[in-house]
Amino acid sequence: MRIVFMGTPEFAVPSLEALLKSAHQIVGIVTQPDRPKGRGQSLSSPPVKLVAQREGLPLLQPLKIKTPDFLDALASWQPDLIAVTAFGRILHAPILNLPPMGCVNVHGSLLPKYRGAAPVQWAVINGETETGITTMLMDEGMDTGPILLQERIPILPEDTAGTLAPRLAVLGGRLLVETIAQLKAGTLAARQQDHAQATMAPLLKKEDGLLDWGMNAQALAHRVRGLSPWPGAYTFSGQERWNIWRAVALHEPAQDVPGTIAEVTKHSLKVATGNGTLELLEIQTANSKRMSVGQFLAGHRLTPGGRFGAVAN
RNA sequence: CGCGGGGUGGAGCAGCCUGGUAGCUCGUUGGGCUCAUAACCCAAAGGUCAGAGGUUCAAAUCCUCUCCCCGCAA
């Protein structure tokens, strides 16, 4: 089968790799344009582009999707099917209708739960113990198309969005190939999503990382995991921004105003929350690298009673 | 040339402004105490102060350049 692959970040790479190992012919790849990144402002290539170049495959990086030029280019590849994993743009009808077998999307959640751009992060933030991959036939909505295949995967207690995403991505690749095989064989029946059960997983912004100490300790711990490695959970100590990379909720009830440093020993740092105590395990201050609380406390003197919270300005 | 912070024994930091004996909290090693311990006590080892040049009687500290790391912003 002639397949066009559309995808952009690291999460999309295993999908592409899986297709490359399959018997299908990848006739073209579409990814987002190079963008300025990093400390300088140098352009960097999306991970999918690097794979395309390695394989010497035809590549498009359209600035705009809804142009006749792009549609013509796509059509010239004559795809039977378009596979989409984390491309980063909504596809409109002219593209969706182009391939005879339709557009198949790999989504990182058990749809209809967690529709949107950040399904992995939100599943962890909400303390889910399992999530999964859904393949679906795309329509014009945001992850609203009929479901093709679905497979579950556990979320481990120590999982962050950063550790969970690669496992989901690999599963996504496997399920994508399986989905295409069954579509080709005609043994797969798409079934409509139960839209009443739908929840959203909107794109995270930097500000979403700011911790609200009024929440309960368990919810904060989940948030720290779900926001790692991006955008990162953070709070303020005075004017200084501190990232919290690992934390665990304790059963000890909070005695102080939420955000108050409740206890400091040589190796531990405990903070009062709206309900319960949060022990910080790995942190990162303004211009330093992330480090364990033990390391941090070796060089910094903290005293109980200090307050974390939003910066006042 | 997007903005800013930093590089000091193995780790994390102070010292720099106002040049003049290398400091703190840990870790490591040895010893002691203890039923015991990530606890406590005693002692020891371990540093070209990122690198190069300059100023000076004297540079971790002041000046110039280079390399590397980090945060913001995207």
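Because the structure is predicted, anything quoted here is derived from the model rather than measured. Each chain gets a letter, A, B and so on, in the order the sequences are listed, and its residues count up from 1.
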(request) Go through the steps to decide whether A:Ile244 and A:Leu278 satisfy the test side-chain contact (heavy atoms from CB on, under 4.5 Å), and finish with yes or no. (result) CA-CA 11 Å; A:Ile244 314 292; A:Leu278 191 71; 5.5 Å; no
(request) Determine the interatomic distance between P on B:A58 and the same-named atom on B:G2; round to the nearest Å. (result) 40 Å
(message) Taking B:A36 as the reference, what is the distance to B:A22 when you measure between their C1' atoms (whole Å, please)?
(response) 38 Å
(request) Rounded to whole angstrom, note down the P distance from B:U55 over to B:G12. (result) 35 Å
(request) Please check if any side-chain donor atom of A:Gln150 sits under 3.5 Å from a side-chain acceptor atom of A:Thr134, or the reverse. (result) yes
(message) Any base atoms under 4.0 Å from A:Arg35, or only sugar-phosphate, or nothing? Heavy atoms, all strands.
(response) nothing
(request) Could you measure between the two C1' atoms, the one in B:U25 and the one in B:C69, and give it in whole Å? (result) 23 Å
(request) State which of B:G12, B:A38, B:C72 makes the closest approach to the side chain of A:Lys206. (result) B:C72
(request) Starting from P on B:A74, measure out to CG on A:Leu203 and report it in whole angstrom. (result) 13 Å
(message) Going by purine N1 to pyrimidine N3 plus the second Watson-Crick contact, or the G-U wobble pair, all under 3.5 Å, which nucleotide sits opposite B:G19?
(response) none
(message) Is the phosphate of B:C72 approached by A:Arg241 (side-chain N or O, under 4.0 Å from OP1 or OP2)?
(response) yes
(request) Determine the Euclidean distance between corresponding C1' atoms of B:G51 and B:G7; express it in Å to zero decimal places. (result) 11 Å
(request) Report yes if a side-chain nitrogen or oxygen of A:Lys266 is closer than 4.0 Å to either non-bridging phosphate oxygen (OP1 or OP2) of B:C26; otherwise report no. (result) yes
(request) Could you work out the separation of B:A60 and B:A38 based on their C1' atoms and round it to a whole Å? (result) 34 Å
(request) Searching all strands shown, indicate the nucleotide that pairs with B:A58 (Watson-Crick or G-U wobble; both distances under 3.5 Å). (result) none
(message) Which nucleotide wins on minimum distance to the side chain of A:Trp230, given the candidates B:G12, B:A74, B:A73?
(response) B:A74
(message) Nearest whole Å is fine: how far is B:G71 C1' from A:Tyr234 OH?
(response) 13 Å
(message) Within a 6.0 Å radius of atom NZ on A:Lys206, are there more than 12 heavy atoms belonging to other residues, nucleotides or ligands?
(response) yes
(request) For B:G46 versus B:U8, give the span between their C1' atoms, rounded off to a whole number of Å. (result) 14 Å
(message) Under a plain distance cut-off of 3.5 Å, with no hydrogens placed, do A:Thr265 and A:His267 share a side-chain donor-acceptor pair?
(response) no
(request) Could you measure between the two C1' atoms, the one in B:G5 and the one in B:U37, and give it in whole Å? (result) 40 Å
(message) Can you tell me which nucleotide in B:C70, B:A11, B:A38 comes closest to the side chain of A:Gln284?
(response) B:C70
(message) With a 3.5 Å distance limit and no angle check, can you tell me whether A:Gln193 reaches the backbone of A:Gly145 through a side-chain donor-acceptor pair?
(response) yes
(message) Tell me the interatomic distance from A:Leu302, atom CG, to B:C26, atom P, rounded to whole angstroms.
(response) 14 Å
(request) Report yes if at least one side-chain N or O of A:Ser288 is closer than 4.0 Å to OP1 or OP2 of B:C13; otherwise report no. (result) yes
(message) Using Watson-Crick or G-U wobble geometry with both distances under 3.5 Å, which nucleotide pairs with B:G9?
(response) none
(request) Take A:Leu297 and A:Met291, find for each the nucleotide of RNA chain B with the closest heavy atom, and name the residue whose nucleotide sits nearer the 5' end. (result) A:Met291
(message) Could you tell me how far apart A:His267 (NE2) and B:C26 (P) are, to the nearest whole angstrom?
(response) 9 Å
(request) Give, for atom CG of A:Leu211 and atom OH of A:Tyr234, the distance between the pair rounded to the nearest 0.5 Å. (result) 9.0 Å
(request) Hunt down the Watson-Crick or G-U wobble partner of B:G2, both distances under 3.5 Å, from any strand shown, or write none. (result) B:C72
(message) Does the structure show a Watson-Crick or G-U wobble partner for B:U64, both distances under 3.5 Å? Name it, or say none.
(response) B:A52
(message) Strictly by Watson-Crick or wobble contacts shorter than 3.5 Å, is anything paired with B:A43, and which nucleotide is it?
(response) B:U29
(request) Mind calculating the distance between CD (A:Glu240) and C1' (B:G4) to the nearest angstrom? (result) 13 Å
(request) Quick one: look up who B:A36 pairs with, Watson-Crick or G-U, both distances under 3.5 Å, and put none if it's unpaired. (result) none
(request) Give the rounded distance in Å between these two atoms: CZ of A:Arg290 and P of B:A11. (result) 19 Å
(message) From C-beta outward on A:Arg301, which listed nucleotide comes closest to its side chain: B:C70, B:A11, B:C24?
(response) B:C24
(message) Just the rounded figure in Å: distance from P of B:C70 to CD1 of A:Ile283.
(response) 18 Å
(message) Any side-chain N or O of A:Lys289 below 4.0 angstrom from OP1/OP2 of B:G12?
(response) no
(request) Check A:Lys270 against A:Thr277 and note the closest heavy-atom contact, atom names and distance. (result) CB-CG2, 3.7 Å
